[in-house]
**Student:** 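Here it is, the structure in full.
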Amino acid sequence: MYRPSKGKTDTIYVFLAVSFDKYLIANFRVSLNRDTLQAIKLTSPCQPKLVLSDGLTSYAQACEYLNISHKTISSRTNQAVESRSSLLVMFTQIREGSRSYRT
């Protein structure tokens, strides 16, 4: 995990835009903020007709700004996105037992 200097946040957010038809990652963003501007920057290049998201209001606000339909769905329905997220976490975690940068 990223460890910035004191006084700043130690949380980094990874936003994923996953296509609904093929479940491929269409876009991603890495940010220190989880706000409407980041949701706009994630969504805008994809030019979707509909955005399905969790309950974060930033997505609804971004969709309203971009004039895109938005629907909030439960985490149970959101399995395709959640599975991509856990895959990303698996590849980006520092694994216990690493002895050098090569491994």
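FYI, the numbering just counts along the sequence from 1.
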**Student:** What distance do Tyr13 atom OH and Ser58 atom OG have between them, rounded to the nearest 0.5 Å?
**Tutor:**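 Those atoms lie 10.0 Å apart.
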**Student:** So how far is it from Gln38 CD to Thr43 OG1, rounded to the nearest 0.5 Å?
**Tutor:**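 The distance works out to 11.0 Å.
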**Student:** To the nearest 0.5 Å, how far apart are CG in Leu52 and OG in Ser69?
**Tutor:**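 Leu52 atom CG to Ser69 atom OG measures 10.0 Å (nearest 0.5 Å).
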**Student:** Nearest 0.5 Å please: distance from the OH atom of Tyr65 over to the OG1 atom of Thr36.
**Tutor:**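 If we round to the nearest 0.5 Å, Tyr65:OH and Thr36:OG1 are 11.5 Å apart.
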**Student:** Tell me the closest heavy-atom pair linking Cys46 and Asn27, and the distance in Å.
**Tutor:**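 Nearest pair, atom of Cys46 first, then Asn27: SG-CB, 3.5 Å.
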**Student:** What's the separation between atom OG1 in Thr57 and atom CG in Asp35, rounded to the nearest 0.5 Å?
**Tutor:**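 The OG1 atom of Thr57 sits 10.0 Å away from the CG atom of Asp35.
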**Student:** For the side chain of Ser19 and the backbone of Leu24, is there at least one donor-acceptor N/O pair under 3.5 Å apart?
**Tutor:**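 The answer is yes, because a donor-acceptor pair under 3.5 Å joins these two groups.
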**Student:** I need the minimum non-hydrogen distance between His70 and Tyr59, along with the two atoms involved.
**Tutor:**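 Shortest heavy-atom separation between His70 and Tyr59 comes out as NE2-CB, 3.8 Å.
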**Student:** Treat each ILVMFWY residue as a node, draw an edge where side-chain heavy atoms are under 4.5 Å apart, and state whether Leu66 and Val51 are in one component.
**Tutor:**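 Yes, Leu66 and Val51 fall within the same hydrophobic cluster.
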**Student:** Phe28, Ile40: one ILVMFWY side-chain cluster at the under-4.5 Å cut-off?
**Tutor:**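 No, Phe28 does not connect to Ile40 through the hydrophobic network.
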**Student:** Give a yes or no on whether Ile25 and Val30 share a hydrophobic cluster (residues Ile, Leu, Val, Met, Phe, Trp, Tyr; joining criterion: side-chain heavy atoms under 4.5 Å apart).
**Tutor:**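 Per the 4.5 Å side-chain linkage, Ile25 and Val30 are co-clustered.
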**Student:** Assess whether side-chain contact (heavy atoms from CB on, under 4.5 Å) is satisfied between Leu32 and Thr11, documenting all intermediate values.
**Tutor:** CA-CA 6 Å; Leu32 295 174; Thr11 303; over 6 Å; no
**Student:** Within this structure, what is the CG-OG1 distance for the pair Leu56 and Thr72, rounded to the nearest 0.5 Å?
**Tutor:**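 OG1 of Thr72 is found 9.5 Å from CG of Leu56.
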**Student:** Are there over 12 heavy-atom neighbours, none belonging to Asn67, within less than 6.0 Å of that residue's CG?
**Tutor:**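 Open.
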